[in-house]
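What follows is a structure written as structure tokens; I'll ask about it next.
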Number of protein chains: 2
Amino acid sequence: MAFTQRSEETRTAILTAARRRFAEDGYERATIRAIAADAGIDPSMVMRYYGSKDGLFAAAVDVDLDLPAVGDLPPERRAETLVRHFFALWEGERSSGVLTVLLRSAITNEAAAERMRDVFAGQVGTTLGPSTEEGTVRAALVATQLLGVALCRYILRLPQIVALDTEALVASLAPTVERYLTEPV
Amino acid sequence: MAFTQRSEETRTAILTAARRRFAEDGYERATIRAIAADAGIDPSMVMRYYGSKDGLFAAAVDVDLDLPAVGDLPPERRAETLVRHFFALWEGERSSGVLTVLLRSAITNEAAAERMRDVFAGQVGTTLGPSTEEGTVRAALVATQLLGVALCRYILRLPQIVALDTEALVASLAPTVERYLTEPV
DNA sequence: CGTGTTTGCCAACACTCGTTGGCCTACACT
DNA sequence: AGTGTAGGCCAACGAGTGTTGGCAAACACG
């Protein structure tokens with residue numbers, strides 16, 4: 001019952017390896033065997049720690065977006081703050097590809113898609129202000145642009161988008177996001 | 001050697017079933033057996049007609065975007081025309097989910113991702129005008145928004161985006177696209 | 001009508017996958 | 001030191017996969 005230090009180490013080793021494999025290969029092609037090999041342990045240990053592949057996946061995509069409360073900012077600063085935070089999340093070391101895991105597998109795995117909708121509804125929808133219907137539509141429009149750029153940059157790796165640095169992207173995208181947040185629908 | 005009528009019928013039956021399965025399940029989870037069952041024939045026939053699963057996939061994503069020559073249009077009409085054509089492509093009966101196949105599998109399958117980059121470079125990049133470097137960057141920015149909305153609407157099925165009709169989406173997205181086409185980078 | 005070719009199905013192979021149970025080792029605690 | 005428990009590996013099962021070869025039936029054509 002009590003976690004020893006060693007068990008906790010391999011537990012996180014498995015999780016790290018799982019995130020990398022899920023991010024690179026997607027849910028279906030990431031195999032328990034490969035993840036275990038990366039973590040330097042036996043495949044059966046993965047089962048003992050996380051119960052099943054689904055359980056491991058659920059642990060791998062358990063992410064906190066840690067969104068800033070843009071509602072407190074002056075309106076003209078909200079869009080830029082959001083976009084900047086978005087790139088910090090994707091390119092940050094700490095998250096280590098969780099978002100890539102989530103997005104990539106939300107596309108082949110219905111459970112992941114639902115989790116993504118939940119994350120969106122729960123975290124994105126509310127931090128943009130009171131959750132009126134209009135507000136969630138605005139948030140969804142923002143999501144189309146931000147997820148689209150993540151798709152092209154981190155998954156499809158469109159060379160023109162990969163080549164741009166984040167500052168140039170912020171400059172291009174912030175006005176779009178601002179329009180979705182303010183323009184009448 | 002000469003194609004009989006019956007062979008051509010099952011050939012397209014296989015292709016139709018394959019597109020549907022690939023679109024719904026993605027490359028990995030779409031099985032030859034399921035596709036064959038949908039087409040009402042034996043799995044081995046799929047191999048005889050298309051050689052391998054990869055061959056079938058290549059045939060399934062062989063798509064012509066049929067983009068309009070927006071270069072001839074007055075600038076203020078280009079964005080709206082593009083967005084409208086984009087939705088017509090995705091929701092049109094004729095294409096029957098080819099684009100969903102392409103996008104969905106480009107995310108787990110590296111070969112599909114490269115094919116997507118090729119389609120983009122070959123068809124999208126050039127029809128937006130002379131292929132200067134600035135032009136391809138603009139085209140890529142347009143792609144982030146349009147692929148993003150396709151992702152949210154046809155794959156993740158974000159309810160707020162699914163609920164909007166195409167006219168409302170055109171109204172929301174066209175100004176964004178127009179900005180990417182015109183605003184200094 | 002006879003014959004060769006196409007269309008199709010059946011059965012199987014070789015492989016990989018997630019998952020399980022048994023067994024050995026190393027540590028913790030009294 | 002003795003003992004129970006947790007950490008770890010090995011071997012295997014059962015299911016599902018893409019793929020192949022052989023054989024029956026339907027067709028085309030002389």
Side-chain angles (χ1 to χ4, degrees), chain A residues 1-61 101 104-105 107-112 115, chain B residues 1-61 101 104-105 108-112:
Chain A
M1 188 57 69
F3 295 133
T4 72
Q5 185 182 358
R6 220 171 79 234
S7 86
E8 203 60 24
E9 273 174 13
T10 68
R11 198 183 195 82
T12 65
I14 293 173
L15 205 58
T16 305
R19 290 219 175 96
R20 242 197 39 214
R21 283 289 181 174
F22 281 138
E24 272 181 34
D25 302 335
Y27 181 82
E28 337 283 344
R29 307 208 321 189
T31 70
I32 298 269
R33 285 171 161 89
I35 292 170
D38 285 3
I41 46 109
D42 190 85
S44 62
M45 297 306 298
V46 178
M47 309 302 296
R48 194 174 298 189
Y49 278 115
Y50 291 96
S52 69
K53 188 180 182 180
D54 280 327
L56 175 61
F57 178 76
V61 296
V101 178
R104 179 162 246 151
S105 31
I107 287 156
T108 50
N109 192 280
E110 180 54 28
R115 179 171 275 269
Chain B
M1 188 60 66
F3 295 133
T4 72
Q5 185 182 356
R6 220 172 78 234
S7 86
E8 203 59 23
E9 272 174 13
T10 70
R11 197 183 196 84
T12 65
I14 293 174
L15 205 59
T16 305
R19 290 219 176 96
R20 241 197 38 213
R21 284 288 182 176
F22 280 137
E24 272 181 33
D25 303 334
Y27 181 83
E28 338 282 345
R29 307 208 321 190
T31 69
I32 298 271
R33 284 172 163 86
I35 292 170
D38 284 4
I41 46 108
D42 190 85
S44 62
M45 297 306 298
V46 178
M47 309 302 297
R48 193 174 293 182
Y49 277 116
Y50 291 96
S52 70
K53 189 181 182 181
D54 279 327
L56 175 61
F57 178 76
V61 296
V101 178
R104 177 161 246 151
S105 30
T108 50
N109 192 281
E110 178 55 27

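Just so you know, these numbers use all the heavy atoms, side chains as well, and skip hydrogens, waters and symmetry mates.
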### Task
Could you tell me whether the side chain of A:Phe57 reaches within less than 4.5 Å of the side chain of A:Val101, counting heavy atoms only?
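Yes, close enough: below the 4.5 Å cut-off.
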#### Entry: Any side-chain heavy-atom pair of B:Thr10 and B:Tyr49 under 4.5 Å
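They are in side-chain contact.
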### Message
For a quick check, with a 4.0 angstrom heavy-atom cut-off, what is the B/S/- contact string for nucleotides 8-21 of chain D, read 5' to 3'?
### Response
BBB-B----BBBBB
Output a table of donor-acceptor pairs, distance under 3.5 Å, between side-chain atoms of residues 27-41 of chain B and any protein atom two or more places apart or on a different chain; print 'none' if there are none.
unit_1  : atom_1 : unit_2   : atom_2 : d
B:Tyr27 : OH     : B:Asp54  : OD1    : 2.5
B:Glu28 : OE2    : B:Thr108 : OG1    : 3.4
B:Thr31 : OG1    : B:Ala34  : N      : 3.0
B:Asp38 : OD1    : B:Arg21  : NH2    : 3.3
B:Asp38 : OD2    : B:Arg20  : NH2    : 3.4
B:Asp38 : OD2    : B:Arg21  : NE     : 2.8

### Angle between terminal axes - the helix from C:dC1-D:dG30 to C:dC23-D:dG8, 5 pairs each end, rounded to 10°
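End axes: 10° apart.
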### Minimum heavy-atom distance B:Ala59-B:Leu15, with the two atoms named
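For B:Ala59 and B:Leu15, the tightest heavy-atom pair comes out as CB-CD1, 3.8 Å.
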### Message
My understanding is that only residues two or more places apart in sequence, or in another chain, count here; which of them pass salt bridge (Lys or Arg N to Asp or Glu O under 4.0 Å) with B:Asp42?
### Response
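Expected list: none.
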### Query
Can you tell me how far CE of A:Met45 sits from CZ of A:Arg11, rounded to the nearest 0.5 angstrom?
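Output value for this atom pair is 10.0 Å.
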### Message
If we ignore hydrogens and angles and just use 3.5 Å, is the side chain of A:Arg104 paired with the main-chain N or O of A:Asp25 as donor and acceptor?
### Response
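No: the side chain of A:Arg104 does not pair with the backbone of A:Asp25.
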